[in-house]
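Quick note: residue numbers are just sequence positions, from 1.
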Amino acid sequence: MLTIAEARERAAAMLDEAGIVLTPSEREQIEIADFGLGRLDEIGLQIVVYVNTDRVCAKELVLFPNQRCPEHRHPPVEGEPGKEETFRVRRGVVDLHVDGAGDIVLEPGDQYTIPPDTLHSFEAREEGAIVSEFSTTSRDALDVFTDPRIVRTPS
């Protein structure tokens, strides 16, 4: 199992290889999310947050080879409909499953917008993937996962 430091370095290297430049501070703050399952190589996500205001959010999502972000939704919060997010694949291939839309294959340059409060999950293929996420405000701690064992906190 990767340590947090190893996972952070691996994610930073993947971003470097893709030509995505991070500041030293951004590199140090790459979030390593194992969803409380302790199986980061299989189920997890590495996240760089560029901005998250009360209106917009922009992130890079790094997926190691065959790593999966488990099924979840972004529920309504305080009268708002929940997070709407657009995924744009920068590198690798991502298999995205969206409730009501089925299975979607995203290759570099492809993008897909997930409506608020919609169940979805995604997984990288063998080479791993980098996905740019553009969304409304992100409130990750409030995400609702299908698997009740999951905790949305960094490892």
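With hydrogens and angles ignored, the 3.5 Å screen pairs no side-chain donor or acceptor of S25 with any backbone N or O of T23. In terms of modelled atom types and a separation under 3.5 Å, the side chain of E133 and the main chain of T86 share no donor-acceptor contact.
A heavy-atom distance below 4.5 Å is not found between the side chains of F122 and V131. Counting heavy atoms from C-beta on, the side chains of E107 and V89 never come closer than 4.5 Å. Two residues are said to be in side-chain contact when any heavy atoms from C-beta on lie closer than 4.5 Å; Q67 and R39 fail this criterion. Counting heavy atoms from C-beta outward, R91 and E17 have side chains that approach closer than 4.5 Å. Residues I130 and I20 are in side-chain contact: their nearest non-hydrogen atoms beyond the backbone lie under 4.5 Å apart. Residues D147 and P70 form no side-chain contact, since every pair of their non-hydrogen atoms from C-beta on lies 4.5 Å or further apart. The shortest side-chain heavy-atom distance between C69 and L45 falls under the 4.5 Å cut-off. A heavy-atom distance below 4.5 Å is found between the side chains of L2 and D41.
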Exercise for review: Give the intermediate values and the outcome of side chain to side chain contact (heavy atoms under 4.5 Å, CB included) for residues F35 and V151.
Suggested key: CA-CA 5 Å; F35 302 103; V151 180; over 6 Å; no
Point to revise | From CA spacing to verdict: side chain to side chain contact (heavy atoms under 4.5 Å, CB included), V56, T137 | key: CA-CA 5 Å; V56 299; T137 302; over 6 Å; no
Review point. Taking it one step at a time, do I30 and L22 satisfy side chain to side chain contact (heavy atoms under 4.5 Å, CB included)?
Key: CA-CA 10 Å; I30 295 172; L22 298 181; 4.0 Å; yes
Practice item. Apply side chain to side chain contact (heavy atoms under 4.5 Å, CB included) to L15 and V62, showing your working. Key: CA-CA 8 Å; L15 290 160; V62 179; 3.8 Å; yes
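For residues 44-68, the salt bridge (charged side-chain N to carboxylate O under 4.0 Å, His left out) pairs, not counting sequence neighbours, are K59-D140.
The structure places CG of D34 at 9.5 Å from CD of Q46, a figure rounded to the nearest 0.5 Å.
Only one option out of E85, E84, R139 pairs with H74 in a side chain to side chain contact (heavy atoms under 4.5 Å, CB included); it is E85. Here the rule is side chain to side chain contact (heavy atoms under 4.5 Å, CB included) with I114, and of L119, D99, V98 only V98 fits it.
R125 has a carboxylate O that lies under 4.0 Å from a charged side-chain N of D95, or vice versa, which qualifies the two as a salt bridge.
Ring to ring, H97 and H120 are not that close: their centroids are 6.0 angstrom or more apart.
Side chains of R90 and S132: a donor on one and an acceptor on the other come within 3.5 Å.
E9 pairs by the salt bridge (Lys or Arg N to Asp or Glu O under 4.0 Å) definition with R27, not counting sequence neighbours. Here F64 pairs with nothing under the ring pair (Phe, Tyr, Trp, His ring centres under 6.0 Å) rule; sequence neighbours left out.
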